[in-house]
Amino acid sequence: MPNHWLFKSEPGAYSWDDLVRDRVAEWDGVRNFTARNLLRDEIKTGDLVLFYHSNAKPPAVVAIAEVVRDGYPDHTAWDPASDHPDPKSTPAKPRWYMVDIVPREKLAREVSLDEVKTVPELSDMVLLRQGRLSVQPVRPAEFETIVRMAGTPR
DNA sequence: GCCAACGTTGGC
DNA sequence: GCCAACGTTGGC
């Protein structure tokens, strides 16, 4: 069984449409140890990802992506020309990790953060409990609930 | 643009 | 190892 996750991205930086255009993305630039540990150790090929637009109007889950490569070192960390270099990370001792994802399907309609907050069975989502974590686990039931909401008119 | 929450850094 | 200072995220 695949595991389920939620990845956040600011659409101004990298949107769902960007992923569709690129067909595959290296999920680079994550610079948080909790998220790093998930990327390095837990998130595996075949896992499903809720793609969330943060800092959007409204912030919302917009689509489903799929992991196509297990965690590997984020090479942008030791590239001084990248958007998020970290001199403490080297090829010999990588500090940050990433996975590759591909677009799987856009939700029939997006499910906003406000809407997530109204659903009792979603009240324990990491999205609500620990709002700032940009790569986070999602329970299978939570994943199913959101997908179902996306197919159901308000 | 503001600011609360919270993760990270570094002095001690 | 503690904790103050600082930086970032992200909702509003």
Side-chain angles (χ1 to χ4, degrees), chain A residues 3-22 25-43 47-67 70-101 103-104 106-139 141-143 145-150 152-154:
Chain A
N3 286 314
H4 301 84
W5 312 95
L6 182 146
F7 287 10
K8 290 184 191 174
S9 190
E10 299 193 23
Y14 196 82
S15 69
W16 172 254
D17 287 342
D18 291 329
L19 179 60
V20 170
R21 178 201 63 209
D22 294 344
E26 298 182 335
W27 206 252
D28 65 4
V30 175
R31 300 290 180 264
N32 166 287
F33 289 106
T34 303
R36 186 280 310 270
N37 293 344
L38 295 174
L39 290 166
R40 185 189 60 194
D41 304 329
E42 306 290 340
I43 302 178
D47 286 355
L48 298 176
V49 174
L50 294 175
F51 198 99
Y52 178 87
H53 279 166
S54 61
N55 265 313
K57 292 180 202 164
V61 179
V62 297
I64 300 169
E66 181 174 345
V67 177
D70 294 357
Y72 62 107
D74 179 348
H75 55 78
T76 68
W78 55 77
D79 175 4
S82 82
D83 289 337
H84 14 66
D86 180 356
K88 290 180 179 162
S89 190
T90 66
K93 265 196 117 179
R95 179 182 241 219
W96 305 112
Y97 283 72
M98 60 188 177
V99 299
D100 290 354
I101 63 172
R104 182 150 163 159
K106 186 172 181 173
L107 298 182
R109 68 170 185 86
E110 64 180 38
V111 176
S112 71
L113 177 62
D114 273 350
E115 219 179 329
V116 169
K117 288 176 178 171
T118 67
V119 178
E121 55 263 44
L122 298 179
S123 61
D124 283 333
M125 279 194 78
V126 178
L127 184 65
L128 303 183
R129 298 269 169 170
Q130 198 181 348
R132 301 192 327 156
L133 191 60
S134 68
V135 169
Q136 53 180 256
V138 174
R139 294 195 185 97
E142 294 166 344
F143 186 93
T145 296
I146 287 178
V147 170
R148 182 165 11 93
M149 288 164 72
T152 307
R154 264 162 292 198

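So you know, we letter chains A, B, ... as the sequences are listed, proteins then strands, and number each from 1. The figures that follow rest on heavy atoms only: side chains count, while hydrogens, waters and symmetry mates do not.
As judged by a 4.0 angstrom heavy-atom cut-off over every strand, E10(A) is placed among residues making no nucleic acid contact. Among the heavy atoms of the strands, none lies under 4.0 Å from K57(A). Base contact: N55(A) has a heavy atom under 4.0 Å from a base atom.
In this structure, R129(A) and R95(A) both approach DNA chain B, and ranking their closest nucleotides by distance from the 5' end singles out R129(A).
Between R36(A) and D74(A) no salt bridge is recorded (no basic side-chain N to carboxylate O distance below 4.0 Å).
On the nucleic acid side, DNA chain C contacts chain A at distances under 4.0 Å to non-hydrogen atoms, with the end points of that region at dG7(C) to dC12(C).
Listed by first and then second residue, the salt bridge (Lys or Arg N to Asp or Glu O under 4.0 Å) pairs involving residues 9-18 of chain A are D18(A)-R21(A) (not counting sequence neighbours).
Inspection of the H53(A) and E110(A) side chains reveals no N or O donor paired with an N or O acceptor under 3.5 Å.
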Point to revise | Stepwise side chain to side chain contact (heavy atoms under 4.5 Å, CB included) test for M98(A) and V30(A) | key: CA-CA 7 Å; M98(A) 60 188 177; V30(A) 175; over 6 Å; no
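Between V138(A) and M125(A), some side-chain heavy-atom pair lies under the 4.5 Å cut-off.
Residues Y72(A) and W96(A) keep their aromatic ring centres 6.0 Å or farther apart.
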